[in-house]
Amino acid sequence: MTIKEVVKLLDAKVVSGEALLESEVEYAFASDLMSDVLTVEMDNVMLITGLANLQAIRTAEMSDIGKIIFVRKKRATDEMIRLAAENDIILIECDYSLFKTSGILFQNGLKPVY
Amino acid sequence: MHFEFNVEGGNFSKAGTASSQLKKILKQLNVDPRIVKRVVVALYEAEVNIVAHAFSGTIYIDIDTEKIEIKLVDEGPGIPDIELAMQQGYSTASPEVREMGFGAGMGLPNMKNNTDRLLVTSEVGKGTTVEMTTYLNS
Ligand SMILES: Nc1ncnc2c1ncn2[C@@H]1O[C@H](COP(=O)(O)OP(=O)(O)O)[C@@H](O)[C@H]1O
Ligand SMILES: [Mg+2]
């Protein structure tokens, strides 16, 4: 699935990495617990989280996760956007809940990590 | 090659800057991305532990053609029972640490899983030292 499709399915907004809309994503992992995200070994994973802070971006950076969706109207700060851009991480803001976001993406073919 | 970084206890907005620096260095040295990921995930958990549990610390990193050696020395409360602290799920983290997405007692197990050798030593009331080794050609 492309990021463009993800954004359309979720009626969401890209706040960083607009140039990477055509990039593909295959897996998703939903969690607010960064230590849990740091166990993910797979490539091409998108993080779905309600934790909108700098540590979410740092965690993605360390885990080679290039895409993050913030759910439930959590907004990325300027500092988060700057750090994401520095690391070529796409940031998406979505109003849906973690459950609804995950359900829609799962139904449309994104694969689970575990 | 030798690098040193300082870590401030309690400063969550800076947590991860040393790990980020190391990641850039290892990428530049053309280290296998899978090894880079293991090393920086382990270092990030260790760096967050200084921020979350100690007052201040220093990270010493030595890289040669065979291995990456990282030593984190902190001044802090220390760990009374290291074996217990190593267990998945054991945590004394504050609510503030949990709000940051950590504090589930997975940090030390994550470090163990992502290094070839992990050694934790501590003196209660003084501080903790974490040593991690990763071999480049394993
Ligand atoms: N550098 C440190 N200084 C003092 N205590 C520590 C340190 N690192 C770990 N600990 C102790 O070990 C516990 C487990 O650490 P860890 O597995 O990283 O889980 P968490 O950080 O999520 O609590 C911590 O809750 C804390 O009690
Ligand atoms: Mg920890």
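Being a predicted model, the structure only gives us computed values, none of them experimental. The sequence lines fix the lettering, A, B, ..., with proteins before strands; numbering per chain opens at 1.
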Look at the side-chain heavy atoms of Ile, Leu, Val, Met, Phe, Trp and Tyr, link any pair under 4.5 Å apart, and say whether [X] and [Y] land in one connected group.
X	Y	result
B:M86	B:V48	yes
B:I79	B:Y90	no
B:Y60	B:I63	no
B:L118	B:I35	yes
A:Y27	A:F106	no

At under 4.5 Å between heavy atoms, what parts of residues 59-81 of chain A are in contact with chain B? List them by residue number.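 Within residues 59-81 of chain A, near chain B: A:T59, A:E61, A:M62, A:S63, A:D64.
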
Measure from the side-chain N and O atoms of A:Q55 to the backbone N and O of B:G101, and report whether any donor-acceptor pair falls under 3.5 Å.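 Pair absent, no side-chain N/O of A:Q55 close to backbone of B:G101.
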
Crowding at [atom1], [X] (>12 non-hydrogen neighbours, <6.0 Å):
X	atom1	value
B:E75	CD	no
B:E131	CD	yes
B:K24	NZ	yes
A:F99	CZ	no
A:E18	CD	yes
B:Q28	CD	no

Which pair of non-hydrogen atoms, one from [X] and one from [Y], has the smallest distance, and what is that distance?
X	Y	answer
B:G107	A:S35	N-OG, 4.3 Å
B:V41	A:L38	CG1-O, 3.7 Å
A:N53	B:M100	ND2-CA, 3.6 Å

Output the distance between atom CD1 (A:I57) and atom OG (B:S20), rounded to the nearest 0.5 Å.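 Rounded to the nearest 0.5 Å, the CD1-OG separation comes to 12.0 Å.
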
I'd like to verify something: which residue of A:L54, A:D43, A:L51, A:T49 has the highest number of heavy-atom pairs under 4.5 Å with chain B?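 Counting heavy-atom pairs under 4.5 Å, the top option is A:L51.
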
Is it true that the side chains of B:S19 and A:R58 contain a donor and an acceptor less than 3.5 Å apart?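 Result is no, nothing qualifies.
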
Could you walk me through whether B:R98 and A:L33 pass the side chain to side chain contact (heavy atoms under 4.5 Å, CB included) check? CA-CA 8 Å; B:R98 297 224 166 82; A:L33 179 58; over 6 Å; no

Against chain A, label B:K37 side chain, backbone, both or neither, depending on which of its atoms sit under 4.5 Å from a heavy atom there.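 Looking at B:K37, backbone and side chain both touch chain A.
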
If you count heavy-atom pairs within less than 4.5 Å of chain A, which of B:N113, B:T17, B:L43 leads?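 Ranked by heavy-atom pairs under 4.5 Å with chain A, first place is B:T17.
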
